[in-house]
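Note sheet for the following structure.
Computed from a predicted structure; not experimentally measured. Lettering of chains follows the sequences in order, A, B, ..., and the numbering in each one begins at 1. Atom set for the values below is all heavy atoms of this structure, side chains included, hydrogens, waters and symmetry mates excluded.
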Amino acid sequence: MPELLEKLTYAVERGKVDRASAFPPDLAAADGADELTRQALAAKISANEILQNALMPAMAKVGDKFGRGEAYIPDLLIAAKAMNAAMKHLQPFFKSGAAQHRGVVVIGTVVGDLHDIGKNIVKMVLKGDGWNVVDLGVSAGVEKYLAAIAEYPGCYVGLSALLTTTMMQMEQINAAIKEKFPVTKVFVGGAPLTQEFNDKIGADGYFANPHTFTQYLQTL
Amino acid sequence: MRRMQATIQVFSPAATELEINRNAIKLAMGYDATHAPFLYAGLVDELLEQAQQYLALQTGYRIFPPGEAKAANGRVQLQDTILGTGKLIAGRLKKIAGAAIFTATAGAEFDAWLRQFFAEEDPVSGFIADLIGSEYVEAAADWIEEKISGMASSFDLGCSNRYSPGYCSWNVAEQHKLFAFLPTGFCGISLCDSALMQPVKSVSGIIGIGPAIVKKEYQCNICNLQDCYKRQIQPRKSQHETS
Ligand code: B12
């Protein structure tokens with residue numbers, strides 16, 4: 001039933017969460033990601049097909065618009081929210097193995113820093129893009145990262161900081177991760193970060209926004 | 001002749017006393033006049049209204065009267081404390097005789113309000129509420145700056161723009177030196193070892209005072225942050241040289 005999936009793609013792309021949500025104004029009375037996903041499952045479309053053929057293409061479309069400067073962070077976020085509304089219905093299939101996440105990303109704001117708006121945005125966009133995101137919260141120290149990596153083998157790690165003082169913690173956290181888990185990739189982001197700093201501390205990449213980050217992760 | 005006195009004061013301006021720039025919020029969300037359609041105006045208004053009940057703005061200053069401050073060679077001296085502000089800020093403050101250090105905050109409840117949006121997976125509202133908080137803190141800093149200029153001018157003294165640690169090559173860790181001059185818990189703000197202020201929606205900084213100081217119109221080109229979104233915003237006044 002491709003028409004239903006097309007509708008679902010459009011709902012997620014436009015950030016229409018459910019019928020009750022007033023956003024976007026031009027789709028006020030329409031079904032949203034929530035209802036359309038339920039309808040798709042009721043029509044016996046598989047969870048994987050919904051994910052691969054409707055939800056992921058929707059996020060890719062918003063991401064492309066973002067890349068072209070035709071959409072901004074709120075558009076990524078509202079689409080991610082609609083995506084999450086759809087994903088709730090797919091959860092049982094993830095648990096049974098009938099549908100799969102792209103992988104696991106462990107993310108946190110480093111020790112000494114409480115700024116989490118940037119980290120939370122990255123988390124929402126990654127989740128919306130089909131990643132399983134483990135959020136270590138704010139002021140997360142080395143031990144928390146090491147424990148999470150041990151629990152989720154093969155995960156990627158994202159470190160966030162907003163001040164130059166707290167950014168310095170990344171060097172130690174990255175070194176400790178690399179020592180214990182040499183193959184784990186560690187990525188950095190946040191207002192004062194640069195690719196130069198990333199290279200200096202030997203991390204695996206700096207990304208200025210969640211879109212370029214998830215795009216890159218998909219190539220690994 | 002009346003002389004300016006060393007004073008410490010804290011104020012709690014009502015949110016309605018502050019001027020909020022809605023366009024700044026829209027621009028900070030990424031939207032300019034020409035690109036993507038802006039569909040969030042209603043949500044911005046709704047959140048601005050809700051924010052009123054969570055804002056507990058506090059802002060205050062400590063005045064160092066003429067004779068207690070000077071600036072040269074990339075440094076500013078307040079009493080016996082040397083601030084390594086860097087050449088840019090020290091240059092702007094070279095004619096100071098006194099100074100004011102200030103802080104402003106939106107309060108702890110506001111931080112908690114913000115967080116709850118992310119816990120409820122409503123990131124768009126969280127993002128907008130975050131920008132509203134930043135806008136109010138900036139407006140509170142504008143407000144205290146006016147207050148300080150008004151007071152200085154009553155003593156025939158001029159004031160500089162405001163400058164913050166963490167900007168224009170002034171290391172953010174130097175906030176410890178500023179806070180050492182303030183009573184513990186000033187304006188309800190505490191400073192962590194990492195130089196992070198709590199509540200998160202807080203700012204700190206310095207304003208130069210002196211008979212020969214004339215406030216310069218704000219110029220973005222003194223700062224080296226090329227991609228700062230504030231470059232696109234109509235200057236509210238002295239913003240940009242501080243957070
Ligand atoms: C708005 C703002 C504020 C606001 C509040 C900020 C907040 N988030 O709560 C206010 C006005 C309160 C403020 C205060 C201060 N600020 Co300020 N602020 C900014 C500003 C203009 C935008 C920050 C922001 O919120 N952006 C929006 C969010 C969503 O972006 P973000 O956190 O960067 O996250 C995005 C990306 O970085 C990325 N990302 C984030 N994490 C991660 C992680 C990974 C793995 C990846 C891949 C990507 C990624 O994705 C996110 C979404 O796109 C920046 C300058 C700038 N243009 O960035 C300065 C800036 C962060 N501030 C700065 C400073 C210095 C301060 C103050 C110390 C100034 C002072 N002395 O008062 C205080 C500190 C406050 C405190 N509590 O201690 C400096 C920090 C650098 C430094 N020198 O340490 C900056 C960089 C400005 C500068 N000088 O260059 N600030």
Task: Any side-chain heavy-atom pair of A:Leu77 and B:Phe127 under 4.5 Å - done: yes
- [ ] Mark yes when over 12 heavy atoms from residues, nucleotides or ligands other than B:Gln116 sit less than 6.0 Å from its CD; otherwise mark no.
- [x] yes
Open item on the list: Can you tell me if B:Arg75 has over 12 outside heavy atoms packed within less than 6.0 Å of its CZ?
Closed with: no
TODO: State the OG-NZ distance between B:Ser125 and A:Lys81, to the nearest 0.5 angstrom.
DONE: 6.0 Å
TODO: Check each atom of A:Leu163 against the heavy atoms of chain B and say whether the ones under 4.5 Å are side chain, backbone, both or neither.
DONE: side chain
Task: Over 12 non-hydrogen atoms of neighbours within 6.0 angstrom of NZ in A:Lys61 - done: no
TODO: Might you point out which heavy atoms bring A:Asp75 and B:Tyr31 nearest each other, and give the distance in Å?
DONE: OD2-OH, 2.8 Å
Task: Heavy-atom closest contact (B:Glu121 atom, A:Lys88 atom, distance) - done: OE1-NZ, 4.4 Å
TODO: Kindly determine whether B:Met29 and A:Ile73 satisfy side chain to side chain contact (heavy atoms under 4.5 Å, CB included), including the steps that lead there.
DONE: CA-CA 7 Å; B:Met29 287 171 75; A:Ile73 295 277; over 6 Å; no
- [ ] Mind ranking B:Asp193, B:Asp122, B:Leu114 by heavy-atom pairs under 4.5 Å with chain A and telling me who comes out on top?
- [x] B:Asp122
Open item on the list: Counting heavy-atom pairs closer than 4.5 Å to chain B, which one of A:Ala80, A:Pro74, A:Pro25 comes out on top?
Closed with: A:Pro74
Open item on the list: Once rounded to the nearest 0.5 Å, what's the spacing between atom CG of A:Asp116 and atom CG of B:Asp130?
Closed with: 8.5 Å
Task: Point-to-point distance, once rounded to the nearest 0.5 Å, from CG of A:Leu114 to SG of B:Cys192 - done: 5.5 Å
Task: Gap between atom CD of A:Gln169 and atom OG of B:Ser194 - 0.5 Å precision - done: 8.0 Å
Task: Structural part of B:Phe118 lying under 4.5 Å from a heavy atom of chain A - done: side chain
Task: Distance, nearest 0.5 Å, that separates CG of B:Asn171 from OG1 of A:Thr165 - done: 7.5 Å
Open item on the list: Counting only heavy atoms from other residues, nucleotides and ligands, does the tally under 6.0 Å from NZ of B:Lys177 exceed 12?
Closed with: yes
- [ ] Could you grab the distance from atom CG of A:Asn120 to atom CZ of B:Arg115, nearest 0.5 Å is fine?
- [x] 8.0 Å
Task: Given A:Lys123, A:Lys127, A:Met124, the one that forms side-chain contact (heavy atoms from CB on, under 4.5 Å) with B:Pro123 - done: A:Met124
Task: Part of A:Lys65 within contact of chain B (heavy atom distance under 4.5 Å) - done: neither
